[in-house]
Amino acid sequence: MSEKILEIKDERLSFFTPAGEVKALNGVSFSMNQGDVLGIVGESGSGKSVTAYSIMGLTAYPGRLVGGTVWFNGHQIDKMTEKEFRKIRGNEVSIIFQDPMTSLNPVYTIGNQIVEVILLHTKKTKQEAWARARELLELVGINEPDRRLKQYPHELSGGMRQRVMIAIALACEPKLLIADEPTTALDVTIQAQILELMNDLRHKLGMSIIMITHDLGVVAQMCEKIAVMYAGHIVEYGTTDEIFYNPQHEYTKGLINSIPKLNAEEKERLVPIEGQPVDLLNPPAGCPFAPRCKSCMKVCLNKMPPRTELSDTHYTYCWLRQKEEFEKGGKA
Ligand SMILES: Nc1ncnc2c1ncn2[C@@H]1O[C@H](COP(=O)(O)OP(=O)(O)OP(=O)(O)O)[C@@H](O)[C@H]1O
Ligand SMILES: [Mg+2]
C-alpha cells in the first residue's frame with residue numbers, strides 16, 4: 001500500500017472580517033496517498049483554494065483554523081508556526097497559481113528566479129543550482145534553455161511562463177504539487193499542452209497533485225479522485241468514474257449537467273444550477289445546497305446530513321441517500 005501523504009480531518013477555517021466570521025471551511029475531511037491525483041471542483045467561493053492553501057499555511061490573517069487536524073508528510077500543519085511553514089513551502093509542497101505573470105517577478109531573469117528557489121531549499125552550490133535550473137527548463141519542455149535562463153518574464157509567452165512556474169514548483173521535487181486553476185489564463189491549445197506536461201511529469205516524478213479547477217473536463221482527464229465542494233463542505237467524494245457515472249449529490253448532478261454538450265440542441269446545451277451561492281457569514285443550519293436543491297425535503301433545511309458511504313472510495317452528504325438507506329433497512 002502506498003504511503004499516506006495528507007490527512008485532513010474535520011477542518012474548519014474562518015476569516016474574521018469586519019463584517020463578521022466568514023465560515024470558509026465547515027468540516028472538510030479527506031486523505032491522499034503518495035502519487036494520487038485529486039481534483040477539487042466546485043463553484044467560485046466554495047473553498048477550493050482555501051482548502052489547498054491551508055496545507056501550506058497560506059491562509060494567514062484574518063483567516064484562522066478553528067477546528068480539525070491537518071497532517072501532511074509527517075507534519076501536523078494545524079500546529080505549525082510561520083517559520084516552520086517556510087521550511088516546507090516550495091520544498092515538500094509547491095503551488096502553481098492561475099496567472100504566471102503575477103507570480104513571476106518582472107525585474108529578475110527566469111534563471112535567477114529558479115536558482116533562488118534551489119539555493120533556498122537545497123545545499124547546492126551556485127554553479128550546481130544553475131545546472132539544475134537548466135535541467136528543469138528542459139524537463140518542462142522549454143527549448144534553448146541557456147537563452148531562456150537569461151530572459152525576463154515579459155520576453156516569454158503566457159504558456160512558456162506557466163512552464164517556468166511549473167519548473168520553479170518542481171525545483172525541489174515536492175511530494176505534493178498544488179495546481180490552482182493552472183490553465184484558465186491560457187488559450188485552449190496551450191491549456192492542453194500544459195495539462196499534458198503535468199500528466200507526463202506526474203508519471204515521471206511520482207508526486208501527488210491537487211488540481212483545483214472549475215473545469216470538469218480537466219479533472220476527467222487528469223484526476224483519479226474528485227472532491228466536489230460546496231460552501232466549505234466536501235459534499236461528494238469519489239473516483240472519477242464514480243463521480244461522472246454515478247453522481248449521488250444533487251449539486252454534483254447539477255455540475256455535470258452544466259457541462260456544455262457539443263452535439264446537443266442549442267436549448268439543452270447548458271443547464272446552469274439556479275439560485276445563489278450560500279452567504280458564508282450566515283450559513284444555513286441544514287444542508288448548504290438545500291435552498292437550491294430541486295429535491296429538497298424538510299429535514300434538509302434543518303439538519304446537516306450525515307455521511308452516506310456508497311463504496312470504499314465514494315461518499316456523499318445528502319439526506320436523500322440516507323432516506324434510501326433507511327428504506328432499505330440500512331443503518332440510517
Ligand atoms: N482573505 C480573505 N478574507 C475574507 N474572506 C476570504 C478570504 N479568502 C477567502 N475568503 C472567503 O472564503 C471563501 C472560500 O474562498 P476560496 O478562495 O477558497 O474559493 P474558491 O472555491 O477557490 O473560489 P474560486 O473558484 O473563485 O477561486 C469565499 O467565500 C471567500 O470569499
Ligand atoms: Mg480559488
Side-chain angles (χ1 to χ4, degrees), residues 6 8 10-30 38-68 70 72 77-78 82 85 93-103 162 165 169 176-186 191 194 209-219 222-223 225-237 243 249 251-252 254-256 258-259 272-273 275-284 287-289 291-292 317:
L6 177 69
I8 300 186
D10 199 29
E11 184 180 11
R12 292 166 190 276
L13 193 149
S14 293
F15 291 94
F16 293 87
T17 69
E21 180 183 353
V22 177
K23 294 180 174 145
L25 300 183
N26 298 298
V28 166
S29 306
F30 68 92
L38 170 75
I40 305 185
V41 297
E43 284 177 345
S44 189
S46 57
K48 306 182 294 295
S49 298
V50 170
T51 301
Y53 297 177
S54 69
I55 305 164
M56 303 183 79
L58 288 178
T59 41
Y61 181 83
R64 187 153 46 87
L65 266 174
V66 288
V70 181
F72 165 68
I77 293 289
D78 49 289
E82 174 56 25
F85 271 122
V93 50
S94 285
I95 190 158
I96 312 170
F97 293 101
Q98 177 175 344
D99 184 356
M101 201 55 202
T102 54
S103 345
Q162 195 57 304
M165 285 310 300
L176 175 65
L177 178 69
I178 296 170
D180 193 359
E181 305 269 3
T183 57
T184 35
L186 305 169
Q191 256 185 36
I194 295 288
I209 299 181
I210 295 182
M211 185 89 194
I212 299 173
T213 176
H214 285 97
D215 188 337
L216 283 171
V218 169
V219 278
M222 290 279 299
C223 308
K225 302 262 175 65
I226 300 176
V228 181
M229 287 198 77
Y230 189 81
H233 295 267
I234 292 183
V235 293
E236 183 162 1
Y237 181 99
I243 296 293
H249 197 282
Y251 177 62
T252 314
L255 274 185
I256 291 171
S258 66
I259 303 176
I273 304 172
Q276 292 298 316
V278 168
D279 173 9
L280 295 174
L281 280 168
N282 290 303
C287 167
F289 189 61
R292 295 169 75 182
Y317 294 83

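Everything numeric in this text was worked out from a predicted model, so none of it was measured. Ligands are counted one by one from 1 in listed order, and the atoms in each one are counted from 1 as well. What's counted below: heavy atoms across the whole structure, side chains too, no hydrogens, waters or symmetry copies. Count residues from 1 along the sequence.
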*Which atoms of ligand 1 have any heavy atom of Gly45 under 4.0 Å away?*
13 (C), 14 (C), 19 (O), 20 (P), 21 (O), 23 (O), 24 (P), 26 (O), 28 (C), 29 (O)
*Residue and atom name of the nearest protein heavy atom (relative to atom 8 (N) of ligand 1), distance in Å to one decimal*: Phe15 CZ, 3.3 Å
_Part of Leu280 within contact of ligand 1 (heavy atoms, under 4.0 Å)_ = side chain
*At what distance is the nearest protein heavy atom to atom 18 (O) of ligand 1, and which residue and atom is it?*
Val50 N, 2.9 Å
*So, do Phe15 and Leu280 sit near enough that their side-chain heavy atoms are less than 4.5 Å apart?*
no
*Does Ser49 bring an N, O or S atom to under 2.8 Å of the Mg ion (ligand 2)?*
yes
_Where ligand 1 meets His214 - atom numbers and elements under 4.0 angstrom, heavy-atom basis_ = 25 (O)
*asked:* Would Gly47 count as a contact residue for ligand 1, given that I'm defining contact as a non-hydrogen atom of the residue lying under 4.0 Å from a ligand atom?
replied: yes
*For Lys48 and Gly42, indicate whether the former's side chain and the latter's backbone hold a donor-acceptor pair under 3.5 Å.*
yes
_Quick test: of every protein heavy atom, which one is nearest to atom 26 (O) of ligand 1, and how far off is it to 0.1 Å?_
Ser44 OG, 2.5 Å
*Under 4.0 Å from atom 31 (O) of ligand 1, do we find at least one protein heavy atom?*
no
*At under 4.0 Å between heavy atoms, which part of Glu43 makes contact with ligand 1: side chain, backbone, both or neither?*
backbone
*Might you work through the side chain to side chain contact (heavy atoms under 4.5 Å, CB included) test for Ile95 and Met56, ending with a clear yes or no?*
CA-CA 9 Å; Ile95 190 158; Met56 303 183 79; 3.7 Å; yes
*Which one holds for Thr17 and ligand 1: side chain close, backbone close, both close, or neither close, with close meaning a heavy atom under 4.0 Å?*
side chain
*Does the ring of Tyr251 carry Arg292 above it, NZ/CZ under 6.0 angstrom from centre and within 45° of its axis?*
no
*Scan Leu255, Ile243, Val41 and name whichever one has a side chain to side chain contact (heavy atoms under 4.5 Å, CB included) with Glu236.*
Ile243
*Going by heavy atoms in the side chains, are Tyr230 and Val278 under 4.5 Å from each other?*
yes
_Per-atom contacts of ligand 1 with Ala24, taking only distances under 4.0 Å to non-hydrogen atoms_ = 12 (O), 13 (C)
*Do Ile210 and Leu6 have side-chain heavy atoms sitting under 4.5 Å apart?*
yes
*asked:* Is it the case that atom CD in Glu82 sees more than 12 heavy atoms from other parts of the structure closer than 6.0 Å?
replied: yes
*Report the nearest protein non-hydrogen atom to atom 25 (O) of ligand 1: residue, atom name, distance rounded to 0.1 Å.*
Lys48 NZ, 2.8 Å
_Proximal atoms of ligand 1 relative to Ser46 (non-hydrogen, under 4.0 Å)_ = 19 (O), 21 (O)
*So, Ser29 side chain and Asp10 main chain: donor-acceptor pair closer than 3.5 Å or not?*
yes
*Phe30 vs Tyr237 aromatic rings, parallel, tilted or perpendicular, using cut-offs 30° and 60°?*
parallel
*Specify the protein heavy atom at minimum distance from atom 17 (O) of ligand 1: its residue, its atom name, and the distance to 0.1 Å.*
Ser49 CB, 3.7 Å
